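Every number for a ligand or one of its atoms is a count from 1 in the order of the listing. Computed from a prediction, not measured in an experiment: that's the story for all the values here.
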Amino acid sequence: MALIDIQQLQVSFPHGFEHRIVVNSVSFRVEEGETFSLIGASGCGKSTILRVLAGLQKEWSGEITLLGETLKPKQRFSSTLRAQVQMVFQDPYASLHPNHTIHRTLSEPLAIRRERNIEPRILSALNQVGLSENIAMRYPHQLSGGQRQRVAIARALLLKPKLLLLDEPTSALDMSVQAEILNLLNHLKQEYGMTYLLVSHDADVIAHMSERAALMENGNIVKPFSRQDLSSASHTTAAI
Ligand SMILES: Nc1ncnc2c1ncn2[C@@H]1O[C@H](COP(=O)(O)OP(=O)(O)OP(=O)(O)O)[C@@H](O)[C@H]1O
Ligand SMILES: [Mg+2]
């Protein structure tokens, strides 16, 4: 089953007295269990697509089916979708509240949904991403960049999502930490049977992570990459 089915998605923003189209008739499907990646130059519309799928960008047109639910523009996501679709942002420092301890950051999504067993679930989320329990009482500025992104991933995993939207999850990190986080994401995907939609501007990252990909330019998909295209990193780098 396709977990994401997008047909002719268009997103525009007000621009003076007019509208500027930033996503222009984009169509793609992501099958359950695969990692599908979007690549393309800055400003081509990648994050905007992820924001639509996370329910953060509510003005759009086209047809979208997400985890079997048909979305409508301007509509609030169902409670199921809000749990099952989670996003990890590019900059883990900006995405974590600076004045909240890690414990508070991780407990809030569970408390809002009146989930039970909050304490053991926080500990197991930290465990899943390879962080020790004693960082729970720290604030984001007391962690390294890699540890912060692990916290952001732990937060995304708390509600046992089916789909992770990963918006340049490692571009703020240095090379060795980047590899650790990518391996962690691949491992978690296997273990929990998740599906990933990944945005990256790095051809090596795309080749390492994804089954299929699409190159975007100015709000359009201009080139799809099949499994075969991506099967060898060196080919991909040359191809992209
Ligand atoms: N809320 C908004 N209001 C107006 N314009 C916006 C808004 N969000 C995005 N844009 C514009 O839409 C275009 C696409 O932005 P988007 O963030 O999707 O690009 P991107 O492909 O993710 O780029 P990058 O690789 O730099 O992150 C950009 O020109 C951006 O300025
Ligand atoms: Mg972006």
Side-chain angles (χ1 to χ4, degrees), residues 4-30 35-64 66 71-77 82 85-96 145-146 148-149 152-153 155-156 161 163-175 177-178 181-182 185 195-210 212-225 230 236-237 239-240:
I4 304 175
D5 189 344
I6 296 185
Q7 298 300 324
Q8 292 167 5
L9 175 67
Q10 185 172 99
V11 183
S12 55
F13 294 110
H15 188 67
F17 293 111
E18 311 202 329
H19 283 263
R20 196 165 69 89
I21 295 173
V22 302
V23 175
N24 180 31
S25 194
V26 163
S27 305
F28 63 89
R29 291 155 63 98
V30 180
T35 297
F36 184 91
S37 296
L38 295 172
I39 188 164
S42 180
C44 71
K46 306 178 298 295
S47 296
T48 302
I49 295 174
L50 262 56
R51 290 170 50 79
V52 168
L53 294 173
L56 301 170
Q57 169 65 38
K58 293 193 166 62
E59 304 273 350
W60 51 270
S61 65
E63 287 171 32
I64 303 178
L66 188 56
L71 303 187
K72 296 235 160 38
K74 297 189 179 137
Q75 213 176 46
R76 190 169 148 80
F77 270 24
R82 272 182 278 130
V85 180
Q86 296 289 327
M87 184 149 165
V88 175
F89 297 87
Q90 173 170 3
D91 177 354
Y93 201 55
S95 74
L96 299 175
R148 281 197 285 266
Q149 198 55 306
I153 295 167
R155 177 177 57 185
L163 174 66
L164 282 194
L165 306 170
L166 301 161
D167 195 355
E168 310 229 25
T170 58
S171 60
L173 306 171
D174 77 34
M175 286 298 274
V177 184
Q178 180 168 344
I181 299 286
L182 294 176
L185 285 168
T195 302
Y196 288 173
L197 176 57
L198 171 72
V199 164
S200 174
H201 58 260
D202 183 330
D204 290 330
V205 169
I206 301 255
H208 181 63
M209 298 292 288
S210 23
R212 293 188 305 124
L215 174 66
M216 288 187 65
E217 261 173 32
N218 295 325
N220 291 297
I221 289 181
V222 292
K223 190 169 186 211
F225 294 96
L230 295 177
T236 312
T237 309
I240 298 175

Test of ring centre spacing under 6.0 Å for F36 and F28
yes
For N24 and N218, run side chain to side chain contact (heavy atoms under 4.5 Å, CB included): C-alpha distance rounded to whole Å, both residues' side-chain angles, the deciding distance at 0.1 Å, then the answer.
CA-CA 8 Å; N24 180 31; N218 295 325; over 6 Å; no
What are the polar N/O contacts of ligand 1 with the protein below 3.5 Å, with distances?
residue	atom	partner	partner atom	Å
ligand 1	18 (O)	S47	N	3.4
ligand 1	18 (O)	T48	N	2.9
ligand 1	18 (O)	T48	OG1	2.5
ligand 1	21 (O)	C44	N	3.2
ligand 1	21 (O)	G45	N	3.0
ligand 1	21 (O)	K46	N	3.0
ligand 1	21 (O)	K46	NZ	2.9
ligand 1	22 (O)	S47	N	2.9
ligand 1	22 (O)	S47	OG	2.8
ligand 1	23 (O)	G43	N	2.7
ligand 1	25 (O)	K46	NZ	2.7
ligand 1	26 (O)	S42	OG	2.5
ligand 1	29 (O)	R20	NH2	2.8

Please check: side-chain N/O of Q57 versus main-chain N/O of E59, any donor-acceptor pairing under 3.5 Å?
yes
Answer yes or no: is there a side-chain heavy-atom contact under 4.5 Å between K223 and E217?
no
With a 4.5 Å heavy-atom cut-off, do T195 and V30 have their side chains touching?
yes
Can you confirm whether the side chains of S200 and E168 place a donor and an acceptor under 3.5 Å from each other?
no
Quick check: closest heavy atoms across I206 and A213, and the distance to 0.1 Å?
CG2-CB, 3.9 Å
Whether the side chain of N220 engages the backbone of V222 through a donor-acceptor N/O pair (distance < 3.5 Å, no angle test) should be reported.
no
Taking 2.8 Å as the limit, list every protein N, O or S atom around the Mg ion (ligand 2), by chain and residue number.
S47 OG
The reported gap from CD in Q10 to OG in S25 (rounded to nearest 0.5 angstrom) is 7.5 Å
